[in-house]
Number of protein chains: 2
Amino acid sequence: MGRRKLVRDLLREKQADLTASERKLAAVLQDGQLVPGLQSITKLAESAEVSTPTIVRLARKLGFDGFNDLQDAIRSDVADAMKQPLAKLDPGGPMPGGDHMLSRFVTAVSDNINRTLERLDTAAFDRVAGVLADPSRRLHLLGGRITRSNAAYFFNHLQIIRPGVTLLDSAPSVWPQALLDIDGGAVLIVFDIRRYEKGLEKLATLARGQGAEIVLFTDIWGSPIERHADHTFRAMVEVPSAWDSTLALNLLIEALIAEVQARRSDSSAQRIAALEDMIGESRIFRSGQGAAD
Amino acid sequence: MGRRKLVRDLLREKQADLTASERKLAAVLQDGQLVPGLQSITKLAESAEVSTPTIVRLARKLGFDGFNDLQDAIRSDVADAMKQPLAKLDPGGPMPGGDHMLSRFVTAVSDNINRTLERLDTAAFDRVAGVLADPSRRLHLLGGRITRSNAAYFFNHLQIIRPGVTLLDSAPSVWPQALLDIDGGAVLIVFDIRRYEKGLEKLATLARGQGAEIVLFTDIWGSPIERHADHTFRAMVEVPSAWDSTLALNLLIEALIAEVQARRSDSSAQRIAALEDMIGESRIFRSGQGAAD
DNA sequence: ATTTTTCTGTAATCTTTGTTTCAGCCCGAT
DNA sequence: ATCGGGCTGAAACAAAGATTACAGAAAAAT
């Protein structure tokens with residue numbers, strides 16, 4: 001389908017054919033990057049100090065049906081100009097067959113990531129990173145049925161970077177004990193995407209009641225925990241699948257890990273060195289059970 | 001003169017207070033950089049699949065007089081945004097756009113995914129999906145220190161989709177027992193990225209010796225297990241961080257889940273229904289332990 | 001100076017819009 | 001099972017919108 005000409009270009013091309021007041025109008029449109037054309041015809045007429053019929057006539061001269069038609073075109077042009085993807089994942093698809101699962105998946109994921117980031121408040125991100133990097137705050141991570149592995153991933157890294165990190169067991173029966181440790185200085189990091197789990201909300205509420213700070217990772221539909229959360233990260237999760245995708249969520253997690261690591265690089269370097277040592281040591285332990293060498 | 005808050009920021013701030021359909025609307029606005037909000041209220045309502053009163057209610061919640069007032073604000077915001085073609089990352093952010101952690105991270109991740117897919121053999125992907133979708137094959141998942149949560153994520157889904165899926169414990173001491181179950185028809189799915197772990201290779205070798213098929217997820221440098229693997233997926237993992245990123249790996253996992261699910265949708269539907277039932281039932285179990293409701 | 005042509009805005013019209021009211025609905029609590 | 005509270009959209013309405021027809025004004029041609 002041959003793409004319609006840009007309104008901007010139309011204005012330039014037809015400029016010669018325009019009458020005085022039409023030109024006045026065109027100038028106003030061009031000055032404002034067409035945006036003034038998104039007002040009502042009345043307001044636009046006032047801005048340009050012309051009458052409304054003049055506007056209709058210009059629209060017709062440009063080849064449109066009427067003002068509404070012109071405005072639709074302008075809106076479409078503006079929308080195109082506004083969207084400049086932060087990072088363009090290749091949606092053309094890496095493989096020729098556009099309908100392969102992978103291809104569709106990547107398109108969806110690329111979309112999810114872009115949209116998630118558009119919605120993200122970098123200031124909030126930094127604030128949370130600050131909290132997570134503070135070794136005086138105890139961190140407790142909690143995930144739902146599916147998101148538990150995301151929590152675990154986060155936990156794996158945080159635990160190496162800093163002290164005082166706990167992964168709450170998936171069995172709700174042990175949560176009450178865990179609550180004992182959650183007090184004023186504590187931070188509860190919860191993952192809750194649909195289908196939202198009652199138990200998570202309950203625990204978050206209780207933790208909140210004890211003065212804990214709540215960091216929530218959820219989807220855009222909004223977990224009920226949002227109400228109690230001090231910080232909320234919302235990720236897009238929809239993909240062409242029966243399941244939701246936690247990739248955008250994982251991106252946030254990894255970025256947070258990187259940021260927290262960066263903020264504590266000096267102190268965590270020692271921890272990591274110590275860990276490497278212990279891993280080395282553990283070869284000795286392991287040698288008894290199969291991995292001989 | 002104190003500048004009015006940006007509509008975009010208002011949407012983010014108030015998100016927690018919004019109802020379901022208001023959120024749907026907010027999502028449409030955010031996705032389109034607010035531009036959809038420049039249509040008439042009727043058209044906008046159709047785009048977002050909500051009613052016009054919902055739009056008015058959202059406008060009021062954001063602190064505007066009504067839709068027209070909101071639209072004026074949007075038009076003004078859009079006009080501002082059009083003037084600066086390249087201010088993409090949040091101006092509220094503390095640092096100039098390009099060097100925020102998120103920005104650099106996303107660039108790297110986008111790169112990783114693209115390059116991972118370039119290297120990927122779709123035919124191999126389909127072959128593996130076929131194997132994983134075959135209920136007669138027993139599946140055993142195994143991850144390393146970091147990748148264990150990726151294995152767990154994969155496991156969570158596979159287990160729901162089909163029978164005969166096992167997640168091998170992280171403790172090497174119990175692996176010998178697990179090996180008893182791994183025989184000719186079995187499939188071992190191993191995750192091994194740097195730093196490659198000796199134990200994983202050992203287990204893979206042994207499993208292979210017993211006739212198991214090995215599916216390996218690794219990075220492009222190549223785990224030593226590649227030698228023994230029947231299928232290898234190589235993902236790019238480098239990001240501006242002290243840690244590697246498993247996002248590209250996760251993408252493959254999720255795509256595989258989707259594909260396997262699609263191939264077994266008929267039979268897995270029953271499983272999922274049964275699961276939903278059991279989740280419903282479990283409310284009864286749960287009611288006794290603190291989550292009194 | 002008169003006529004013709006072209007341009008422009010006023011006023012009347014018909015359409016669409018934005019707002020309000022209200023009843024049904026779903027969901028959670030009792 | 002029943003009740004209440006909040007959410008949602010259908011319908012009715014007043015307000016504003018866009019369009020048309022027409023007449024006065026300005027410029028060009030004779």
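The sequence lines fix the lettering, A, B, ..., with proteins before strands; numbering per chain opens at 1. Basis for what follows: all heavy atoms, side chains included, without hydrogens, waters or symmetry-related copies.
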Please state whether the phosphate of [N], meaning OP1 or OP2, lies under 4.0 angstrom from any side-chain nitrogen or oxygen of [X].
X        : N       : result
Thr19(A) : dT8(C)  : yes
Ser40(A) : dG17(D) : yes
Ser21(B) : dC7(D)  : no

Distance in angstrom units between [X] [atom1] and [N] [atom2], rounded:
X         : N       : atom1 : atom2 : result
Asp65(A)  : dT15(C) : CG    : P     : 16 Å
Glu201(A) : dG28(C) : CD    : C1'   : 11 Å
Phe67(B)  : dG17(D) : CZ    : C1'   : 14 Å
Asp69(A)  : dT16(C) : CG    : C1'   : 16 Å
Glu22(A)  : dT6(C)  : CD    : P     : 14 Å
Glu49(A)  : dT8(C)  : CD    : P     : 14 Å
Asn68(A)  : dT19(D) : CG    : P     : 5 Å
Lys43(B)  : dG18(C) : NZ    : C1'   : 14 Å

Among dG18(C), dC7(C), dT8(D), the nucleotide that comes nearest once only the side chain of Ala20(B) is considered: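 My answer, after comparing the listed nucleotides, is dT8(D).
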
Sequence neighbours excluded and cut-off under 3.5 Å, please list the side-chain donor-acceptor pairs for residues 45-53 of chain B, or say none.
from: Ser47(B); atom 1: OG; to: Lys43(B); atom 2: O; distance (Å): 2.9
from: Ser51(B); atom 1: OG; to: Thr54(B); atom 2: OG1; distance (Å): 3.2

Listed once per pair and sorted, the salt bridge (Lys or Arg N to Asp or Glu O under 4.0 Å) pairs that draw on residues 240-252 of chain A, sequence neighbours left out: Arg194(A)-Asp244(A)

Name every donor-acceptor pair, under 3.5 Å, that has one atom in a side chain of residues 67-74 of chain A and the other anywhere in the protein, sequence neighbours excluded.
from: Asp69(A); atom 1: OD2; to: Asp65(A); atom 2: N; distance (Å): 2.9
from: Gln71(A); atom 1: NE2; to: Gly37(A); atom 2: O; distance (Å): 3.0
from: Gln71(A); atom 1: NE2; to: Leu38(A); atom 2: O; distance (Å): 3.2
from: Gln71(A); atom 1: NE2; to: Gln39(A); atom 2: O; distance (Å): 2.7
from: Asp72(A); atom 1: OD1; to: Arg75(A); atom 2: NH1; distance (Å): 3.1

With [X] via ring-ring contact (aromatic ring centres under 6.0 Å, His included) - residues at least two apart:
X         : result
Phe233(A) : Phe217(A)
Phe155(A) : none
Tyr153(A) : His157(A)

DNA chain D contacts made by residues 54-61 of chain B, counting heavy atoms under 4.0 Å: Thr54(B), Arg57(B)

Go through the structure and list residues passing side chain to side chain donor-acceptor pair (under 3.5 Å) with [X], not counting sequence neighbours.
X         : result
Arg148(A) : none
Glu22(A)  : Thr19(A), Lys61(A)
Asp9(A)   : Arg12(A)

Distance-only polar pair, side chains of Gln261(B) and Trp243(A), donor-acceptor under 3.5 Å: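 A donor-acceptor contact under 3.5 Å links the two side chains.
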
Nearest atoms (heavy-atom pairs only) where Ala248(A) meets Asn112(A):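 Smallest interatomic distance, heavy atoms only, reads CB-O, 4.3 Å.
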
Lys/Arg N to Asp/Glu carboxylate O, Glu226(A) vs Arg234(A), below 4.0 Å: yes

Provide a list of protein-nucleic acid N or O atom pairs under 3.5 angstrom, restricted to nucleotides 10-14 of chain C.
none

Relative orientation of the end axes in the helix from dA1(C)-dT30(D) to dT30(C)-dA1(D), expressed as an angle to the nearest 10° (five pairs per end):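 Computed angle between terminal axes is 20°.
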
